[in-house]
Each structure stands twice: as C-alpha cells, then as structure tokens.
Amino acid sequence: MVYRFDPVQQWQKLGIEGSMFVVRRSALPLYRCIVLNRSGINNYEQDLAADTQLEMNEPYLICRGAGAPDIFGLWCARPPRLVRIVVLG
C-alpha cells in the first residue's frame, strides 16, 4: 500500500496497492521503485537516486524524491526486503 503524508491530516491512503519491484534501468537514474496497482490504473513510481531520501521504519519505507514536496510511505509485507531498497537509494 502507498500512503502520502499530509501535515494537516497525517497519512492518507492513495488507493495504490500491489506488488513492489525495484528495476534496473539503462538510463539515469539506474534504479526505480514501482508498485503495480491491482486496485486501479495508476501505479506508483519513484526513482532511486543518490539524492532520494529514504528511511526504513518497519514495515514502511518512507521516501521523498529530490526536491519533491510529497513524502510517501510504502507498506511492505516482508520488511527485511526493504534493506535492499535503502542500500540502492
């Protein structure tokens, strides 16, 4: 599940839930995190670059893209796998 942090109302579900993948790309940034939404047509995508802010707070991965105003929380059913994503970012 993907959540967006709203400073006024706290965490809000975005209606995006499904399998999470980290893919290696041929262009920069080399890695991207994707949640394939099984609840709708909008997927979640976050580039993982050196300036991407990532924080592990099991069972969530908290992330913010470089210069992006929004903070997202990704719930993970298997939190130990989050370590691999944080190391890539």
Side-chain angles (χ1 to χ4, degrees):
M1 279 187 241
V2 180
Y3 298 85
R4 180 180 18 219
F5 185 72
D6 178 351
V8 177
Q9 299 179 8
Q10 302 303 317
W11 291 100
Q12 297 179 334
K13 276 186 180 180
L14 293 182
I16 299 173
E17 46 185 280
S19 299
M20 180 169 43
F21 300 91
V22 174
V23 296
R24 182 178 169 98
R25 301 164 20 105
S26 59
L28 292 176
L30 289 179
Y31 297 98
R32 179 176 286 168
C33 176
I34 301 173
V35 176
L36 293 178
N37 191 6
R38 64 176 176 215
S39 300
I41 59 170
N42 297 320
N43 296 324
Y44 171 81
E45 295 184 11
Q46 173 65 57
D47 289 333
L48 301 174
D51 52 0
T52 304
Q53 298 174 356
L54 298 172
E55 178 184 329
M56 231 174 53
N57 189 355
E58 289 187 20
Y60 298 96
L61 174 65
I62 311 300
C63 61
R64 175 189 272 177
D70 292 328
I71 300 171
F72 294 95
L74 308 175
W75 179 82
C76 185
R78 297 186 179 129
R81 293 185 177 188
L82 295 177
V83 173
R84 294 181 197 164
I85 296 172
V86 172
V87 169
L88 290 175

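Everything quoted here is computed from the prediction, not taken from an experiment. We're numbering straight along the sequence, starting at 1.
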Considering only heavy atoms from C-beta outward, does the side chain of [X] approach that of [Y] to under 4.5 Å?
X	Y	value
R64	T52	no
N42	L14	no
F72	Y44	yes

Can you tell me how far apart [atom1] ([X]) and [atom2] ([Y]) are? Round to the nearest 0.5 Å.
X	Y	atom1	atom2	answer
N37	M1	CG	CE	11.5 Å
F5	I62	CZ	CD1	9.5 Å
M56	C76	CE	SG	10.0 Å

Where do G73 and W11 come nearest, in terms of heavy atoms and distance?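 What the structure gives for the nearest pair is N-CZ3, 3.5 Å.
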What's the shortest heavy-atom distance between C33 and L74, and which atoms?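 So the minimum-distance heavy-atom pair works out to SG-CD1, 3.9 Å.
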Could you tabulate the donor-acceptor pairs under 3.5 Å formed by side-chain atoms of residues 15-26, not counting sequence neighbours?
residue, atom, partner, partner atom, Å
R24, NH1, Y31, OH, 2.9
R25, NE, P29, O, 2.7
R25, NH2, L28, O, 3.2

What pairs with D6 under side-chain contact (heavy atoms from CB on, under 4.5 Å), at least two apart in sequence or on another chain? V8, Q9, Q12
Partner set under side-chain contact (heavy atoms from CB on, under 4.5 Å) for E45, not counting sequence neighbours: R32, I34
